[in-house]
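Below is one structure, written out as structure tokens; the observations come after it.
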Number of protein chains: 2
Amino acid sequence: MAGMEALAQLAALLADRTRAAFCEALLDGRAWTATELAAHARVAPSTASEHLSRLVSGGLLVEHRQGRHRYVALAGPHVAELLEAMTAFAGPAPRPRTLRAASAARALARGRTCYDHLAGRLGITLKAGLLGLGVVTGELAVTEPGLSWLRELGFTPSRRQTGRACLDWTERVPHLAGAAGAHLCGVFLERGWIKRIGTTRAVVLTPAGERGWRELGLTRAAASG
Amino acid sequence: MAGMEALAQLAALLADRTRAAFCEALLDGRAWTATELAAHARVAPSTASEHLSRLVSGGLLVEHRQGRHRYVALAGPHVAELLEAMTAFAGPAPRPRTLRAASAARALARGRTCYDHLAGRLGITLKAGLLGLGVVTGELAVTEPGLSWLRELGFTPSRRQTGRACLDWTERVPHLAGAAGAHLCGVFLERGWIKRIGTTRAVVLTPAGERGWRELGLTRAAASG
DNA sequence: CCGTCGGTTCGGCGCGGACCGAAGCGTTCC
DNA sequence: GGAACGCTTCGGTCCGCGCCGAACCGACGG
């Protein structure tokens with residue numbers, strides 16, 4: 001009974017469309033300023049300020065003051081996983097009403113970042129490739145040889161769980177999260193193998209990325225989609 | 001952006017302490033009548049009626065009208081898993097303020113049902129036993145020999161995933177859910193190996209259960225708690 | 001030093017929703 | 001048939017909160 005009080009409070013934090021929009025924006029894993037988020041959600045700066053304070057004190061976001069800026073970011077991968085899990089549960093999004101929204105939805109389904117790792121069809125392609133190489137098991141645990149494979153890409157294990165599953169809300173299938181998923185995503189971004197589309201969470205595999213993935217044995221033909 | 005609208009709506013369903021209390025009660029996996037839930041949450045029947053309608057139309061609950069009764073239950077295991085995941089996230093419950101609440105919390109931590117399977121220390125003990133027998137892997141997937149072992153206990157595979165992990169909010173470690181977890185819980189209840197405490201979700205291992213678990217090789221000494 | 005800018009605080013408005021009691025409806029029991 | 005029961009619908013009240021604009025504060029820049 002006491003635990004449900006906490007549940008209601010957590011849910012209340014996400015029960016507002018403006019705060020939910022903030023969280024969705026922050027799912028790109030970067031830190032945003034208060035003003036950016038306000039503009040993104042189309043609310044007054046004062047309104048955004050109050051929402052951010054609630055999200056921070058609720059533990060969903062962390063803030064980082066720097067000069068006259070207030071940067072906020074998701075408090076950690078666990079928040080991203082909760083958000084993806086809830087979005088997956090909330091079910092297939094209603095079909096978009098405008099052409100603009102439809103193309104944005106398609107871009108997100110094709111590939112996106114989920115906080116610090118890859119999601120969407122791109123994430124599933126990556127998972128399939130890693131599975132084929134024996135880097136991860138079907139449950140997305142990293143294997144012994146998989147660890148060596150990752151080390152060659154500059155990965156070093158940390159306290160954080162190496163491989164874990166994160167439910168993909170467009171594909172309805174888990175993709176690779178955890179330290180390994182985050183590292184791979186970082187490497188791909190560094191090498192220019194994937195690139196963000198505009199300022200959104202959506203990403204695409206670049207031509208260099210297609211070559212790179214083929215050479216690593218992650219794909220045979222170019223990923224299409 | 002459209003997906004977050006759905007998230008906010010889902011969150012709004014759980015953002016009320018009365019509705020959250022309903023869901024918690026229903027986590028025992030049984031169907032409750034509207035009046036029972038109203039009394040449980042200490043609200044007027046009319047209030048409960050409106051809440052239930054919202055939860056049902058939101059897809060969290062299913063209802064089953066029978067005569068003058070309205071039975072409601074969680075819409076499925078996925079709802080239970082969402083609730084447990086969110087409760088786990090919401091963090092350690094604030095320490096209970098009354099002796100009564102403290103003893104209830106202790107009972108829940110010792111053992112409880114999580115919709116249709118076992119949770120709490122009892123659930124973790126079960127998982128450890130199954131792991132020791134090689135019935136499940138560390139990721140809680142059912143092994144080949146494990147399936148035979150389950151069949152001997154009357155289990156037959158279905159469309160539902162056989163073994164899956166469900167995060168335990170008191171133990172902070174996953175326990176066994178899915179068809180296998182549900183079947184085992186059902187068998188234990190049938191055989192009188194576990195017993196509900198009062199009308200709550202809390203369960204205890206009976207003396208017969210301790211013998212049964214030992215004979216199955218799930219435990220060596222009696223489970224204590 | 002003053003203007004601009006990012007952010008916060010405060011007062012006030014308006015909506016949504018949580019709650020109850022009363023009344024109504026269909027079912028069940030006597 | 002009548003009473004009791006389980007539940008729902010409807011008014012009505014009240015509170016929380018999402019929103020804004022205005023005023024304010026501190027940081028930065030010329």
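Quick note on labels: first sequence line is chain A, next is B, and so on, each numbered from 1.
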**Item:** Whole-Å distance separating the CD atom of Glu36(B) from the C1' atom of dC5(D)
**Value:** 14 Å
**Contact check, side chains of Trp193(B) and Val203(B), non-hydrogen atoms, under 4.5 Å** = no
**Request:** Compare every heavy atom of Gly192(B) with every heavy atom of Thr206(B), then report the nearest pair and how far apart it is.
**Result:** OG1-O, 2.7 Å
**Request:** Report yes if the distance between the aromatic ring centroids of Trp32(B) and Phe22(B) is under 6.0 Å, otherwise no.
**Result:** no
**Asked** Among dT8(D), dG26(D), dT28(C), which is the nearest nucleotide to the side chain of Pro45(B)?
**Response** dT8(D)
**Prompt:** Nearest nucleotide by nearest heavy atom, which residue falls closer to the 5' end of DNA chain C, Gly67(B) or Ala12(B)?
**Reply:** Ala12(B)
**Message:** Distance check needed: dC5(C) P versus His69(A) NE2, whole Å only.
**Reply:** 12 Å
**Separation of dG21(D) C1' from Glu50(A) CD (nearest whole Å)** = 12 Å
**Item:** Any Arg70(A) side-chain N or O less than 4.0 Å from OP1/OP2 of dG6(C)
**Value:** no
**Request:** Examine dA18(C): is either OP1 or OP2 under 4.0 Å from a nitrogen or oxygen in the side chain of Arg19(B)? Give yes or no.
**Result:** yes
**Message:** Nearest whole Å is fine: how far is dG6(C) C1' from His64(A) NE2?
**Reply:** 16 Å
**Prompt:** Could you give the CH2-to-C1' distance, from Trp32(A) to dG6(C), as a whole number of Å?
**Reply:** 17 Å
**Asked** Would you say Thr18(B) reaches dA18(C)'s phosphate, i.e. side-chain N/O to OP1/OP2 under 4.0 Å?
**Response** no
**Request:** Measure the distance from CD on Gln66(A) to C1' on dC28(D) and round it to the nearest whole Å.
**Result:** 13 Å
**Prompt:** For Arg54(A) and Ala34(B), take the nucleotide of DNA chain D holding the closest heavy atom to each; which residue's nucleotide lies nearer the 5' end?
**Reply:** Ala34(B)
**Message:** Looking at Arg112(A) and Glu84(A), is there a salt bridge between them, counting it only when a charged N and a carboxylate O are closer than 4.0 Å?
**Reply:** yes
**Request:** Measure distances between side-chain N and O atoms of Ser46(A) and base N and O atoms of dG21(D), and say whether any donor-acceptor pair falls under 3.5 Å.
**Result:** yes
**Asked** What's the CZ-C1' distance between Arg68(B) and dA4(D), to the nearest Å?
**Response** 7 Å
**Prompt:** Does dG18(D) have OP1 or OP2 sitting under 4.0 Å from an N or O in the side chain of Thr47(A)?
**Reply:** no
**Message:** Regarding Arg65(A), tell me which of base, sugar-phosphate or nothing describes its non-hydrogen contacts under 4.0 Å with the strands shown.
**Reply:** sugar-phosphate
**Message:** With rounding to the nearest 0.5 angstrom, report the CG to SG distance, Leu176(A) to Cys185(A).
**Reply:** 10.5 Å
**Prompt:** Within this structure, what is the CG-to-P distance between Leu55(A) and dC17(D), rounded to whole angstrom?
**Reply:** 14 Å
**Request:** Answer with base, sugar-phosphate or nothing: what part of the nucleic acid does Ser53(B) contact at a heavy-atom distance below 4.0 Å?
**Result:** nothing
**Prompt:** Think His51(B) has a side-chain N or O under 4.0 angstrom from the OP1 or OP2 of dG17(C)?
**Reply:** no
